Amino acid sequence: MERIKVKIINDSGHELPAYETFSAAGMDVRAKLSEPLTLQPLQRALIPTGLRMQLPVGYECQVRPRSGLALKHGISLVNTPGTIDADYRGEIGIIAINLSNEPYTITDGERIAQLVVKEYVHVTWEPVSRIDETERGDGAFGHTGVK
């Protein structure tokens, strides 16, 4: 497993994002709130984390929902996965949404999302007039598995 160093400023008053198990891909990130924040059903809010990072060029940090919050409370992220680019230096914010029928209160220090750092490549487009055929062809949503 490759490891990289990422510079991080932590003004949250909480521990840094951390892997909960050895093989985990995502690190849990915590809310930095001066007071609890209640999300009403279908309400969304930007949750501060108090974290700023400097990713190496060629890497992004994806912000993803936590499966436990999604299953138990209907809390997810509006833009999932969110992307933190290598040249972004502002505070990391989590755009949370309550997809349940009940209000949900987020408290300071609560694990609200997970971060996954990934390497990426840049694309150079090659305009053409034809692309290779495949068995699937132009079959779209729900196409595979239908006989």
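Side-chain atoms are counted along with the backbone in the values below, which use heavy atoms only and exclude waters and symmetry mates. Fair warning: this is a prediction, and the values are worked out from it, not measured in the lab.
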How far does [atom1] of [X] sit from [atom2] of [Y], to the nearest 0.5 angstrom?
X: Glu119; Y: Ile4; atom1: CD; atom2: CD1; result: 8.0 Å
X: Ile112; Y: Ile94; atom1: CD1; atom2: CD1; result: 5.0 Å
X: Ile75; Y: Leu71; atom1: CD1; atom2: CG; result: 12.0 Å
X: Gln114; Y: Met27; atom1: CD; atom2: CE; result: 9.5 Å

Residue pairs involving [range] (criterion side chain to side chain donor-acceptor pair (under 3.5 Å); sequence neighbours excluded):
range: residues 23-39; result: Asp28-Arg66, Asp28-Arg111, Thr38-Thr105
range: residues 43-58; result: none
range: residues 86-103; result: Asn98-Ser100

Looking only at non-hydrogen atoms, find the nearest pair between [X] and [Y] and report the distance.
X: Pro56; Y: Ala86; value: O-CB, 3.6 Å
X: Leu77; Y: Pro65; value: CD1-N, 3.5 Å
X: Thr107; Y: Ala31; value: O-CB, 3.8 Å
X: Val116; Y: Ala25; value: CG2-O, 3.7 Å

_Applying ring-ring contact (aromatic ring centres under 6.0 Å, His included) as the test, list every pair that has at least one member in residues 21-42; sequence neighbours left out._
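Every candidate ring-ring contact (aromatic ring centres under 6.0 Å, His included) pair involving residues 21-42 fails, so no pair, neighbours aside, qualifies.
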
_All pairs passing ring-ring contact (aromatic ring centres under 6.0 Å, His included) where residues 34-75 contributes a residue, at least two apart_ = His73-Tyr104

For [X], side-chain contact (heavy atoms from CB on, under 4.5 Å) partners two or more places apart:
X: Ile95; answer: Leu46, Val78, Asn79
X: Ala24; answer: Tyr19, Thr21
X: Asn10; answer: Ser12, Leu16, Leu51
X: Lys72; answer: none

_Fellow cluster residues of Ile131, listed by chain then number, with links counted only when side-chain atoms sit under 4.5 Å apart_ =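 Members alongside Ile131: Val128.
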
*Could I get the full list of side chain to side chain donor-acceptor pair (under 3.5 Å) partners for Asp108, not counting sequence neighbours?*
His14

*asked:* Using the side chain to side chain donor-acceptor pair (under 3.5 Å) criterion, which residues pair with Ser67? Sequence neighbours excluded.
replied: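 Partners of Ser67 by the side chain to side chain donor-acceptor pair (under 3.5 Å) criterion come out as none, since no residue qualifies.
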
*asked:* I want to check something: taking the side chain as every heavy atom from C-beta on, are Thr83 and Asp85 in contact at a cut-off of under 4.5 Å?
replied: yes

*Val29 vs Ile92 side-chain heavy atoms within contact, under 4.5 Å*: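 The answer is no, as the side chains (C-beta and beyond) never meet within the 4.5 Å cut-off.
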
Going hydrophobic residue to hydrophobic residue with side-chain gaps under 4.5 angstrom, can you get from [X] over to [Y]?
X: Leu99; Y: Leu39; result: no
X: Ile47; Y: Ile8; result: yes
X: Val6; Y: Ile84; result: yes

*Between the main-chain N or O of Leu115 and the side-chain N or O of Gln62, is there a donor-acceptor pair closer than 3.5 Å?*
no

